Amino acid sequence: MTSDRRVPRAARRAVPPGLLATPALAWLALFFVAPVGLVFWYSLGRKPGLYQTHANDVLTLDRYREALGDTFLTSFSGTLRIGVTGTALCLAIGLPFAYWLAVKVRPHRRFVVLALVLVPFWTNFLIRTIGWQVVLSPEGFASRAMQSLGLIDAPFSMLFTRGAVLLGVVYNYLPMMILPLYVALDRIDGSLREASNDLGANRWRTALQVTLPLARPGIAAGLLLVFIPLMGDYVTAAVLGGARGNMVGQLVASQFQQAQNWALGSAMAVVLIVVIALTILATAAAGAVCTWLLTHRRRRELAGIAEGSAA
Amino acid sequence: MNHHDHTPRLLAPAARVAGLPRRTFLAGLAAAAGAPLLAACGGSSGSGGSGAAAQLRAYSWSAYDDPKVLAEFTAKHGPKVIVDSYSSNEEMIAKLAAAKGTSGYDIVIPTGVFVPQMAANGLLQELDHGKLPNLANLDKAFQNQEWDEGNKYTVTKYWGTTGFVYDTGVVKRDLKTWDDFFDAAQKEASGKTSLVDDPGEICAMLCFARGWHQSTTDKAQLDQIETFLVDTLAPHIAAFDSSPGSSAIPQGTHVLMHCWNGDARRGILASSEQDRWKWVLPGPKTNLWMDNWAIVKGSANADAAHELINYVLDPAVAIKQVDFVGYGSGVTGSEEEARKLKLGLIDMIFPSAEQVATMYTGVINEGQERRMAIVNKMKAKAGA
Amino acid sequence: MSSSPTRNAVASGRRADAGDGKGSVELRSVSKSFGGVTVVKDLDLSVNPGEFLSLLGPSGCGKTTTLRMLAGFEQPDSGEVLISGAAVQHLPPHKRDVNTVFQSYALFPHMTVAANIAYGLRQRRGIDRAEIRSRVAEALDMVQMTRFADRKPNRLSGGQQQRVALARALVNRPGVLLLDEPLAALDRKLREDMQVELKLLQSRLGTTFVFVTHDQEEALSMSDRVAVMLDGRIEQIADPYTVYERPATAFVAGFIGQQNFFDGTVADAGRAIEIDGGTVLPAEPVTIHGSGAAAVRVAVRPEAVTVAEAAPAGPDGSANALPGAVAAVSLLGDVLQYVVHADAGHELLARVPRRQAGRLAEGARVWCSWAPSDVHVFPAEVTPRAPIGSAK
Ligand SMILES: Nc1ncnc2c1ncn2[C@@H]1O[C@H](COP(=O)(O)OP(=O)(O)O)[C@@H](O)[C@H]1O
Ligand SMILES: [Mg+2]
């Protein structure tokens with residue numbers, strides 16, 4: 001190989017392609033492919049007895065049949081509802097906020113605001129969620145404050161409602177949405193917005209036609225960073241939603257921790273991974289189709305100008 | 001150091017915070033959050049004493065020991081006690097079995113019915129009664145249990161039972177039985193009822209009410225349990241909470257709460273209106289369980305582990321533990337001692353003899369998986 | 001498709017509205033400060049429809065700020081802004097009859113060249129799709145970028161992006177086009193070509209151009225009038241010839257082209273200047289207010305200086321003549337540039353056509369001389385910030 005004279009010297013000295021990616025690939029193999037592979041392998045097995053967790057002596061798809069029962073589907077649809085609503089809420093709150101931060105706040109203050117956004121992350125995830133439980137309970141701060149202000153006359157409880165779940169979800173995941181959005185919006189040159197304004201577009205049209213399309217990678221990153229962990233998180237929902245916060249992740253965890261049925265737990269985990277991936281793909285596809293439909297007419301109206309000149 | 005420091009609910013007013021619960025699915029997570037605190041209090045007092053082992057690692061239900069007791073043990077005998085917590089016996093067994101003697105834990109606290117299985121699988125080390133002179137303090141009633149004849153592997157640490165607590169401001173009638181519980185849950189307490197997050201306990205409720213064995217494997221009975229829980233009870237349940245005592249009772253979150261006696265006592269003691277809550281040991285039957293000290297097979301610090309077990313069998317130490325968790329210990333005379341010290345809500349720790357007569361222990365059997373599936377289905381229904 | 005009819009169409013679209021004040025710009029005592037620092041001070045400026053006006057000045061003098069107040073990106077603290085006769089200081093950019101060519105071009109990276117150009121038209125009501133298409137095609141043709149219609153901006157060179165930015169602004173047929181150093185990012189050769197092209201385009205379209213630059217050659221070669229700015233004020237506004245030949249202030253004199261400066265005092269009833277070393281420089285009669293011996297600063301262009309080995313003859317041989325030695329010679333294309341150390345201590349810069357005289361060697365003894373009419377006299381109290389090109 002090295003004796004091949006036709007290979008330019010620089011090319012021979014250069015790092016072989018792929019070498020730079022090796023650590024990343026090794027990481028991926030070790031911490032993603034291997035565990036998922038193992039889970040998949042377990043999912044084809046069974047729970048042989050009361051005191052054993054799994055066995056692969058017989059390979060079967062029966063666990064998938066069990067996994068896809070009523071319980072799983074009901075839990076999953078509830079989880080999907082919380083996942084989608086929570087992600088949408090994070091986007092609805094995070095987008096204007098990130099825009100304000102990237103565009104309106106003076107550069108030297110942005111750091112301070114970003115630090116404030118991240119303050120909740122300095123505390124343990126569970127502690128800050130349970131903190132909300134304290135705030136939202138009938139004897140809690142929110143209820144007392146509203147009573148002393150005369151807004152309500154009996155203790156109220158927001159705890160263990162869907163609203164509490166969404167509140168906790170937004171609280172815990174909003175920074176994951178804001179950060180990528182902020183980075184994406186901050187990277188958009190301010191003169192592009194000025195150019196749009198100068199060309200006759202008001203603020204809203206500028207946002208829709210220039211800022212949002214350019215922030216798309218950030219929006220996608222934010223959606224994924226919130227949606228994926230949220231679909232697997234059952235703590236936030238259980239702490240604040242109680243029975244109303246039943247998440248499919250809890251079902252999977254209970255198979256591993258309580259039922260000690262790793263085969264069924266693995267099958268549920270695999271189904272969950274597949275369904276989450278399909279949801280993301282479907283959303284991405286729907287987004288692409290919408291964009292295409294929205295811009296299609298405009299592209300047609302300008303198509304062929306270049307060819308016209310060649311003729 | 002106060003036991004307040006062990007709760008993850010740092011935002012709560014200190015006066016209203018009790019210890020962590022025995023069983024909660026959050027326990028593992030809470031342990032992660034609280035581990036530095038536990039480690040810190042374990043090591044708070046010097047390292048004097050015999051000092052064979054620098055530290056003891058216990059794998060236990062969370063907040064199951066008075067940190068003051070552990071600190072005093074360290075001061076007297078040397079080893080620091082580091083506690084990790086689990087939230088189910090299954091979780092603990094899985095961890096020990098997977099480690100095959102290399103878990104690094106010296107002490108575990110299995111519930112009685114799990115002991116034979118653990119012993120048979122070589123997870124536990126036989127106790128050296130010569131190193132446990134205080135074993136003489138253990139009440140006869142708690143020795144020689146059917147799951148550990150001759151106390152070969154275990155010494156009873158706590159015993160407890162299951163019942164419920166209700167808000168007398170909302171439920172204005174006397175609830176006495178499991179059927180009363182079901183009735184209130186569907187009426188006054190609908191949407192304000194919580195159940196312990198434990199499949200065995202949840203399924204056992206109907207068994208106690210109907211007079212079936214609480215660990216039934218009878219298919220027809222299990223089907224009835226499923227229908228009742230999923231179709232009748234689930235829509236009225238607000239939460240699956242193994243420790244209403246740690247926040248739901250002090251904060252008045254629910255009206256009707258299925259719970260263990262120690263947890264209920266802790267919650268009522270922490271409440272600003274103790275009279276508002278009523279604890280019921282429901283008839284006709286209810287549960288009895290024992291959690292036990294055991295030494296892990298392969299422990300490198302077996303001597304120190306014996307030392308700790310022996311230490312807490314001292315009646316003066318045992319009573320501090322009892323006051324901290326609210327469960328009875330097996331040490332002779334601890335009830336009399338507790339009455340002498342006038343511990344709060346003492347009847348919740350020590351039920352009367354007639355009440356104890358209505359309690360019995362469950363078993364581990366092949367109905368487990370079905371009970372798990374029933375409860376998961378119930379949760380899905382309650383969340384829908 | 002031939003190009004000239006479409007270019008005319010763009011041009012006529014613009015000219016049709018001319019004459020009703022469309023395209024005029026007026027700033028009336030406009031001031032603007034940032035954080036307590038006044039950047040534009042009480043500025044008055046009036047631009048006629050169809051005029052090519054340059055704002056010229058050193059970096060930081062407030063040119064961009066002035067332009068941004070015209071575009072609507074900045075609000076003046078006080079004063080009035082009129083565009084095409086209407087007061088617009090309270091209107092947002094999208095409601096003003098101006099378009100801007102940004103220094104960074106600011107092309108939308110997610111749109112093709114054609115879509116970039118169509119952007120402004122699409123924001124308006126009442127322009128149908130066929131018209132958008134034909135106007136985009138015209139605009140592309142006007143800047144000779146038709147071939148690149150379907151490309152994304154990041155696949156164009158700097159010069160091509162510049163043309164697209166121009167087309168994107170002009171396709172809207174604004175009354176006034178604002179350009180902020182549009183050529184600064186181009187290399188020299190391309191910049192010079194674009195200067196010519198831009199000027200031709202402007203005169204063909206008749207659109208008012210307000211053109212910001214810090215490059216005096218660029219300003220002089222392209223503009224109908226040049227406004228020279230310093231510290232947020234206009235020092236002089238005039239046609240390029242006047243700015244060059246009759247600078248109003250010592251700063252303008254120094255900023256435009258190069259100068260030999262002398263500091264001195266007025267003597268001989270205003271007909272001569274005494275500079276340090278006792279040399280007397282006769283000048284055209286000066287009107288300097290104040291006492292008889294007012295301090296002044298005198299400027300003489302290098303190209304007005306004659307360099308000769310012999311002392312100049314004439315009625316007054318020593319008038320405007322300094323003896324010295326050649327310190328350096330350099331060839332600047334058609335011109336020879338001498339640096340002469342005068343015996344009186346001054347350093348003089350002289351530029352003579354290459355063919356006019358034989359080349360003098362370094363160290364040669366010479367006389368530098370110039371006509372009284374080439375002497376510009378300014379009050380001395382104006383101390384310009386190190387004007388570029390002043391010979392010291
Ligand atoms: N948005 C702003 N905030 C603060 N200072 C500014 C701002 N814009 C311009 N300046 C300051 O105003 C002065 C003039 O700037 P500018 O108009 O850009 O000058 P020019 O375009 O002539 O180089 C500079 O000192 C600049 O730092
Ligand atoms: Mg500028």
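Values below: all heavy atoms of this structure, side chains included; hydrogens, waters and symmetry mates excluded. Numbered from 1 within each chain, the chains take letters A, B, ... in sequence-line order. Since the structure is predicted, the reported quantities are computational estimates derived from the model, not experimental observations.
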Residue selection (most heavy-atom pairs with chain B, distance under 4.5 Å) from A:S137, A:P138, A:G245
A:P138
For A:F121, I'd like to know if atom CZ has over 12 heavy atoms of other residues, nucleotides or ligands within 6.0 Å.
yes
Taking the side chain as everything from C-beta on, heavy atoms only, tell me whether A:S254 gets closer than 4.5 Å to B:N376.
yes
Output, in order, the C-alpha distance, side-chain angles, deciding distance and verdict of side chain to side chain contact (heavy atoms under 4.5 Å, CB included) for A:Q250 and B:D197.
CA-CA 12 Å; A:Q250 201 173 347; B:D197 192 7; 4.2 Å; yes
Can you tell me how far CG of B:D241 sits from CZ of A:F160, rounded to the nearest 0.5 angstrom?
6.0 Å
Counting only heavy atoms from other residues, nucleotides and ligands, does the tally under 6.0 Å from CG of A:D70 exceed 12?
no
For the candidates B:H254, B:M378, B:K379, B:R371, which exhibits the highest count of non-hydrogen atom pairs separated by less than 4.5 Å from chain A?
B:K379
Only pairs of heavy atoms separated by less than 4.5 Å count here; which of B:G252, B:A97, B:A238 has the most with chain A?
B:A238
Smallest heavy-atom separation, B:G383 atom then A:R162 atom, equals O-NH2, 3.1 Å
Tell me, for B:S88 versus chain A, whether the close heavy atoms (under 4.5 Å) come from the side chain, the backbone, both or neither.
side chain
Evaluation steps, side chain to side chain contact (heavy atoms under 4.5 Å, CB included), between B:K381 and A:T74:
CA-CA 7 Å; B:K381 181 73 182 286; A:T74 316; over 6 Å; no
Under a 4.5 Å cut-off applied to non-hydrogen side-chain atoms, are A:Q260 and B:N89 in contact?
no
Mark yes when over 12 heavy atoms from residues, nucleotides or ligands other than A:Y171 sit less than 6.0 Å from its OH; otherwise mark no.
yes
